[in-house]
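So that the names make sense, note that chain A is the first sequence line, chain B the second, and so on, each numbered from 1. FYI, side chains are in, hydrogens and waters are out, and symmetry mates aren't considered; it's all heavy atoms of this structure.
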4 protein chains.
Amino acid sequence: MPSVPEPVRPGRKRSESSRTAILTAAWELTVELGYPGLTVEGIAARAGTGKQTIYRWWPSKADVLLDALALKADVQIGLDDHGSYAADLRQFLDRSFVLGLNPSVMRVMRTLMAQAQIDPEFGACFREQFLARRRAAFEVLASRAVERGDFPAGRSPALDARLVFGLLWYEVLAAPPPLDSGSADAAPHALADALIDLLTRSLTPEELA
Amino acid sequence: MPSVPEPVRPGRKRSESSRTAILTAAWELTVELGYPGLTVEGIAARAGTGKQTIYRWWPSKADVLLDALALKADVQIGLDDHGSYAADLRQFLDRSFVLGLNPSVMRVMRTLMAQAQIDPEFGACFREQFLARRRAAFEVLASRAVERGDFPAGRSPALDARLVFGLLWYEVLAAPPPLDSGSADAAPHALADALIDLLTRSLTPEELA
Amino acid sequence: MPSVPEPVRPGRKRSESSRTAILTAAWELTVELGYPGLTVEGIAARAGTGKQTIYRWWPSKADVLLDALALKADVQIGLDDHGSYAADLRQFLDRSFVLGLNPSVMRVMRTLMAQAQIDPEFGACFREQFLARRRAAFEVLASRAVERGDFPAGRSPALDARLVFGLLWYEVLAAPPPLDSGSADAAPHALADALIDLLTRSLTPEELA
Amino acid sequence: MPSVPEPVRPGRKRSESSRTAILTAAWELTVELGYPGLTVEGIAARAGTGKQTIYRWWPSKADVLLDALALKADVQIGLDDHGSYAADLRQFLDRSFVLGLNPSVMRVMRTLMAQAQIDPEFGACFREQFLARRRAAFEVLASRAVERGDFPAGRSPALDARLVFGLLWYEVLAAPPPLDSGSADAAPHALADALIDLLTRSLTPEELA
DNA sequence: GCCTAACCGAGACGGTACGTCGGGTCTTGGG
DNA sequence: CCCAAGACCCGACGTACCGTCTCGGTTAGGC
């Protein structure tokens, strides 16, 4: 590895403590006040930094929030091989629901998805750094199933991905925001069951043939 | 119902021309500049009205836009009985895609969905006046299928609705915004085909049993 | 007077109370903190107005201060005819010194003259609305003396004006700022005496001839 | 005097090239952009130095400018004995006008005088290092005249000094800034003639008595 | 045929946050 | 110990919109 990506620039180094203080402040303010209450001035004030330090490193406050999400909730969702497409799907959906239905995480994700619609610049960033990665994770499952031979014939992983993420996001975006405490957790898991059932059972006709 | 809903108030009547000018201006500004470029002052200026006239009749600019959507695109999607769940689904999905992939309509819908995430007040309004109506329309199809007896056994209309709307919205929200001209129209229809196939074919095993 | 200078514009009228509150606040802040401590934000905060209201009516904070000077100290200095150039000069100088050596007024005048050097835009305004008016006042005295016949032969009112205002301003600008209490008041009046003596006595050689 | 004034401090010596680069940059920026365009960051950038190097050696940018004035224009004005108060005055005024009406020098002097009003710290410095020196130079002339016996009886050198410097500074500060090219040079010299005439002729009545 | 209530346009108002600029300090690596 | 570079905290800038509040003027019932 002879290549040095950072050619030893002169001058003071970026402050890691400021970085994490900013991300934490952004996360907290979003959870407490929602996106309209998230202001660059507020982040700077709570983080004890100058506004310029925020503008120097992030193009918009939505980008701050995206970094904060990566810092806060480790979005990586395990991809262990459970031996079957159904079992892999189950784990993927369960963990996604657990993560996405956490009120704080959910609020931030709703906010990010909303902002991605409104700000094209950030939209591209969000799609690349979040949505695409999640989709890539799903593709690991699907291609594993294809190799294993238990991916339903006559269907494409592309559709399955869209159905899975569509269900997840629609649940997040179309449902009323959780009032305060953890509301019904049963329903989403029933949905996951039904979806898995649909996506895996539908291969039977082919097998019968 | 002899009672008059509007108790014949005295004074000048609401100006219909101002109302439509405001809705048109809001629509155009959103399409041209996106939501950040949609300001109450801008709407008033383009519509040639005072700001107060907007604040008098709508609680927020997102509500203006929601009214504008109702004015502009007739969102009603036909629900003719085509004799089978598959055919009904086909028409529903086709018309939804045609409507939702129109760049102007799509931009406004993305904006409204985004705003619904950010502003809880408007979120409730959007869910009631838009999402719930679309879901009700789908339920007509589903219950028709149930009565007709060709709704797949072992599944619930609730899941189907979520899969249908999840797919539609995910396509709208997760895709990059259309650059300018009408981009690929083929893909969405292939998706619709595959979804219909999945939702209708999966009943066969049951029938076989 | 058929001409109407203000053609009855529509919309809300300018608030007189905001105007005076702004001018008062600007005056006080300058006296208390000096020009570097005079900020538009500070004026707005103390006056209880929005910043925009200041920017709407004045091009810079120096212009606010110039208006405040006109409001606060009535800069008009009496020009009664005292029968001779010497007596008129005496009153003019006395009143000018009394006004200009008032610590508050002096601080503001130093500030305005300084700002006029730094900001060409305001410099033009200050010269027209302040310096030129003071010079015009002096010219009334001088031309009265010329008509009366007791203006010293062989000299021009232009030089006298420059000497008078030069002395006044040099005293204000070159002297250290008054620390706190009223410092020596005797010296300036002695200067005035000597200047009057010089400007009026110098006509004697001519008279002798 | 074996003692070394600078106690041979250890470490790297002050860079003379940085010093002159900073002074030159400050002068140029003031002439080009005026005082508002003179920033420490700008000086450092043009001089190719760090900001810290400026803060290390000068308390404010006005002090930099004062040093730059000393470097640039040799402000010393000759004090040769011309045999009479009138002739000495003439040379003093002529050279002062020549220097002060040079557009670049004038702009810097206006700026320094302005800054001296606004910043008390620098004001003290400017009065000591600039105004007081000029006044001392004038006093050499005056005391020479007193010794020689041709200083006008019944007047004080203090008044003459104030009139001379008052006229000079008022001309600089109250006149509109020169647009670009050298404007009327005749008028100031006529003023100088008239002032000399006034200050020297006025002694005749006394002599007659 | 006036009243009078509600509408309308215009636009000034008190605010909040924006994104930028510059000040003055601190940190890094090199001379 | 000096120096260039540059990140840091901070405060003010001037702008953009917000949502509210007068203004004068317009439109209709209802007396």
Integer-rounded Å distance: [N] [atom2] and [X] [atom1]:
| X | N | atom1 | atom2 | result |
| --- | --- | --- | --- | --- |
| Arg12(B) | dT27(F) | CZ | P | 6 Å |
| Glu16(A) | dC26(E) | CD | C1' | 18 Å |
| Gln52(B) | dC7(E) | CD | C1' | 11 Å |
| Arg56(C) | dT15(F) | CZ | P | 12 Å |
| Asp63(B) | dG19(F) | CG | P | 11 Å |
| Leu38(A) | dC18(E) | CG | C1' | 13 Å |
| Arg9(A) | dC8(F) | CZ | P | 10 Å |
| Tyr35(D) | dG22(E) | OH | P | 13 Å |

Using atom types as modelled and distance alone, determine if a side-chain donor or acceptor of Lys51(A) lies under 3.5 Å from a backbone N or O of Val40(A).
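No; judged by distance alone, with no hydrogens or angles, the pair does not exist.
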On DNA chain E, more 5' by nearest nucleotide between Gly42(A) and Ala47(B) is Ala47(B)
Review point. Do Lys51(C) side-chain and dG14(F) base share a donor-acceptor contact under 3.5 Å?
Key: yes
Only residue of Ile54(C), Thr24(C), Thr53(C) satisfying side-chain contact (heavy atoms from CB on, under 4.5 Å) with Ile43(C) is Ile54(C)
Whichever of Ser18(D) and Lys13(B) has its nearest DNA chain F nucleotide further upstream toward 5':
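Closer to the 5' end of DNA chain F: Ser18(D).
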Gly11(A) vs Glu41(D), nearer the 5' end of DNA chain F by closest nucleotide =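 Closest to the 5' end, via its nearest nucleotide, is Gly11(A).
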Which value, rounded to the nearest 0.5 Å, describes the distance between Thr30(A) atom OG1 and Arg107(A) atom CZ?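 Rounded to the nearest 0.5 Å, the OG1-CZ separation comes to 8.5 Å.
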Side-chain atoms of Thr39(A) come closest, of dC13(E), dT25(E), dC18(E), to dC18(E)
Side-chain contact check for Tyr55(D): nearest option of dG19(E), dT25(E), dC13(E) is dT25(E)
By ring pair (Phe, Tyr, Trp, His ring centres under 6.0 Å), Phe126(A) pairs with (sequence neighbours left out) Phe122(A), Phe130(A)
Does a side-chain N or O from [X] land closer than 4.0 Å to OP1 or OP2 of [N], or not?
| X | N | result |
| --- | --- | --- |
| Trp57(C) | dC13(E) | yes |
| Lys61(D) | dG23(E) | yes |
| Thr49(C) | dG15(E) | no |

Step-by-step side chain to side chain contact (heavy atoms under 4.5 Å, CB included) determination, Leu112(B) to Val108(B)
CA-CA 6 Å; Leu112(B) 290 175; Val108(B) 171; 3.9 Å; yes
